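This report refers to the structure that appears directly beneath it.
Every chain is numbered from 1, with letters handed out A, B, ... down the list of sequences. Keep in mind that the numbers below use all heavy atoms, side chains included, and drop hydrogens, waters and symmetry copies. Predicted, not measured: the structure shown is a model, and the values here were computed from it.
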2 protein chains.
Amino acid sequence: AACADTDQPVAARARFVAEADRLKTVTRATTLTDGSRFENSAEHSWHLALYALTLGEHAPEGTRPSRVIRMLLLHDLVEIDAGDAPLYLQTPETQALMAEKEEAAAARLFGLLPDTEGAPHHALWQEFEAAETPDARFAKALDRFQPPMQNIASNGVSWRANNVTYEMIDTRVGRVIRRATPALWDHIAPKITTLLA
Amino acid sequence: AACADTDQPVAARARFVAEADRLKTVTRATTLTDGSRFENSAEHSWHLALYALTLGEHAPEGTRPSRVIRMLLLHDLVEIDAGDAPLYLQTPETQALMAEKEEAAAARLFGLLPDTEGAPHHALWQEFEAAETPDARFAKALDRFQPPMQNIASNGVSWRANNVTYEMIDTRVGRVIRRATPALWDHIAPKITTLLA
Ligand SMILES: [Ca+2]
């Protein structure tokens, strides 16, 4: 019994990381830069964490890079239960339904961990979703910045497939990026214009 | 010209993260937990960073979790040029050749960044490879711990395919895990015994 008790914290955490593996099977609307296949949400999460590590200099005042990285590592886990909702297909109705599904998913997934870790992870995910703190705004901006980068590299393959226009990108993506990190928007805006001309 | 100069730091970093996308096309010898396909090195890197975030309590004295996470986000980038070398197929000769290839890859990839970032990233990767500091030992231990976790979940599919024995796992994996974080080895050792019995 002593032995089982000692292993308890490892067992719960091992169950959590094993369950997290399923994020590798969630497919996104964006392709790899070579256009060869759609990206999954696990490799996307790695890519965003690398973006945060690389582009921290362009983060808003008061941003803590290591906290942004933790946020981005966790931000898509809810998709294991709720799936990925392609940005350009969302409406206020689908967004409200999705928010409910994602909250239930967060409760289940972070609930696999001892509460001392599960609760802070859950709170960090909620902070990301609310997009109000500097850390969350920067994390959201990177989450909006990476897909256009993939599209620019792959000659706009997933934008063309979804009939995406410059105005749609400016409203749903540009606004969020500019609010946190204008230099990144300045970098891609002319490339988007050229690509969709 | 002023405009181009201002954009310079973004452009170099954007090139680096775009190049990093290619890690999503590097296939490993380990499968997903559901056995459906082989894992790639980008999603594997995300998974390891999540392991570090989750299992930090079992890290050796003096480990800094956010530094371990940075190390793990970068640790496999060299595979973009050098490929992944399956652990159980390595010999001293292939390892020496691989170390050379990986060092050249690190110089090229981290060289895409402004030197103020590229040099510290390169040094962090070298620290990981040397596996001497507490951070690097813990990062290496997680890199050895995750594949058995995938094998245990998928009923040993990639071990069976490569005729891997308990002794091989104990030598190449167990030793590295035990040195940094014995509780993790204690958690999987009985499961490995059962699986390979
Ligand atoms: Ca590796």
How about residues 17-24 of chain B versus chain A: which residues have heavy atoms under 4.5 Å apart?
B:Val17, B:Ala18, B:Ala20, B:Asp21, B:Leu23, B:Lys24
Applying a heavy-atom distance below 4.5 Å, give me the residues of residues 144-162 of chain B that approach chain A, sorted by number.
B:Gln146, B:Met149, B:Gln150
Would you mind listing every salt bridge (charged side-chain N to carboxylate O under 4.0 Å, His left out) that reaches into residues 42-57 of chain A, with sequence neighbours excluded?
A:Arg37-A:Glu43, A:Glu57-B:Arg13
Single-linkage hydrophobic cluster A:Met98~A:Val26, side-chain heavy atoms < 4.5 angstrom
no
Non-hydrogen atoms of chain B under 4.5 Å away: do they reach the side chain of A:Leu77, the backbone, both or neither?
side chain
A:Ile192-A:Leu142 co-clustered via ILVMFWY side chain contacts under 4.5 Å
yes
Who wins among A:Ser36, A:Ala14, A:Ala42 for the most heavy-atom pairs under 4.5 Å with chain B?
A:Ala42
For chain A, the option from B:Asp34, B:Leu184, B:Ile69, B:Asn40 that forms the most heavy-atom pairs under 4.5 Å:
B:Asn40
Say whether B:Leu196 and B:Ile177 are linked into one hydrophobic cluster, either directly or through other cluster members, by side-chain heavy-atom distances under 4.5 angstrom.
yes
If hydrophobic clusters are built by linking Ile, Leu, Val, Met, Phe, Trp and Tyr wherever their side-chain heavy atoms come under 4.5 Å apart, do A:Val164 and A:Val176 end up in the same one?
no
Show the nearest heavy-atom pair for residues A:Ala11 and B:His187, with the distance to one decimal.
CA-CE1, 3.7 Å
Select one option (side chain, backbone, both, neither) describing which atoms of B:Leu74 are under 4.5 Å from chain A's heavy atoms.
side chain
Heavy-atom contact with chain B under 4.5 Å, split by part of A:Leu113:
side chain
Most contacts with chain B, counted as non-hydrogen pairs under 4.5 angstrom, among A:Leu73, A:Thr25, A:Leu72:
A:Leu73
Inter-chain contacts: residues 45-56 of chain B against chain A, heavy atoms under 4.5 Å:
B:Ser45, B:Trp46, B:His47, B:Ala49, B:Leu50, B:Tyr51, B:Leu53, B:Thr54, B:Leu55
Examine B:Leu109 and A:Leu32 and state if one hydrophobic cluster contains both, with Ile, Leu, Val, Met, Phe, Trp and Tyr joined whenever side-chain heavy atoms are less than 4.5 Å apart.
no
